[in-house]
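Notes for the one structure printed next.
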Amino acid sequence: MLIRIDAIEESARVNVRGVVTPANIRALYVVCRRVTAKLPGYEIVVDLAHARVTYEAMEELHDHARQSVMSSGIDGSVTPCRLRIVDPATVLRIKENA
């Protein structure tokens, strides 16, 4: 992940590469919550354009964006934030083993 901060637009873009699944999405949440804590009021843009993301992870991220919250990834708590998701070119339609 690479974070780019734009003070003029009051936004922080989290550029994600690699694979995002429900099993590892917690790492993304931790980074986003730290950015939110350091830059209150800034819009968090999660840019997945160069990542591979499972359908389940995309649904979870879009749900958080609709609710304007970021999950802790550790417990059930959430942090209010302005969240926008930039979708990847393709979404992986695979099921993870439980």
Side-chain angles (χ1 to χ4, degrees):
M1 287 182 248
L2 174 70
I3 302 167
R4 295 185 186 272
I5 298 169
D6 184 336
I8 295 170
E9 295 292 321
E10 291 191 345
S11 70
R13 180 175 290 267
V14 180
N15 292 317
V16 181
R17 300 209 181 236
V19 179
V20 180
T21 69
N24 67 14
I25 200 168
R26 182 170 68 178
L28 178 58
Y29 291 154
V30 169
V31 169
C32 289
R33 284 195 48 155
R34 285 189 180 175
V35 171
T36 300
K38 297 289 184 186
L39 301 169
Y42 273 50
E43 177 184 45
I44 306 299
V45 180
V46 177
D47 188 342
L48 301 166
H50 300 287
R52 296 178 312 189
V53 186
T54 65
Y55 178 78
E56 292 82 8
M58 280 301 304
E59 286 297 305
E60 191 172 322
L61 288 167
H62 279 288
D63 187 46
H64 287 324
R66 280 189 294 276
Q67 296 177 34
S68 297
V69 296
M70 180 55 62
S71 172
S72 73
I74 298 167
D75 56 25
S77 67
V78 294
T79 300
C81 70
R82 294 181 351 196
L83 179 64
R84 183 165 48 103
I85 309 298
V86 176
D87 291 339
T90 58
V91 176
L92 303 174
R93 301 239 180 216
I94 59 172
K95 287 203 170 220
E96 288 192 34
N97 295 334

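Just the heavy atoms: all of them, side chains too, but no hydrogens, waters or symmetry mates, feed the values below. Because the structure is predicted, anything quoted here is derived from the model rather than measured.
The side-chain heavy atoms of R33 and S77, taken from C-beta on, include a pair separated by under 4.5 Å. M58 is listed as a side-chain neighbour of P88, based on a closest heavy-atom distance under 4.5 Å. In this structure, L61 and I25 have side chains that are in contact, with non-hydrogen atoms separated by less than 4.5 Å.
With rounding to the nearest 0.5 angstrom, the NE2 atom of H64 is 9.5 Å from the CG atom of L28. Between atom NE2 of residue H62 and atom CZ of residue R84 there is a gap of 11.5 Å, rounded to the nearest 0.5 Å.
Cluster membership check: Y55 shares its hydrophobic cluster with V16, using side-chain heavy-atom separations under 4.5 Å among Ile, Leu, Val, Met, Phe, Trp and Tyr. In terms of hydrophobic clustering, with Ile, Leu, Val, Met, Phe, Trp and Tyr side chains grouped at heavy-atom distances under 4.5 Å, I85 and V14 are assigned to a common cluster. Under the 4.5 Å side-chain heavy-atom criterion for Ile, Leu, Val, Met, Phe, Trp and Tyr, M1 and L83 are members of the same hydrophobic cluster.
Scanning all heavy atoms of the two residues, the minimum distance from V20 to A57 falls at O-CB, 3.9 Å. Nearest heavy atom pair, residue C32 against residue M70, reads CB-CE, 3.7 Å.
Other residues, nucleotides and ligands contribute only 12 or fewer heavy atoms inside 6.0 Å of the CZ atom of R52.
Under the side-chain contact (heavy atoms from CB on, under 4.5 Å) test applied with L39, the options I5, I44, I3 reduce to a single match, I5.
Among residue pairs with one or both ends in residues 8-17, those qualifying as side-chain hydrogen bond (donor to acceptor under 3.5 Å, both in side chains) are R13-D47; sequence neighbours excluded.
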Note to self: Pair V45, R4 - check side chain to side chain contact (heavy atoms under 4.5 Å, CB included), show working.
What the structure shows: CA-CA 10 Å; V45 180; R4 295 185 186 272; over 6 Å; no
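In this structure, Y42 has no ring pair (Phe, Tyr, Trp, His ring centres under 6.0 Å) partners at least two apart in sequence or on a different chain.
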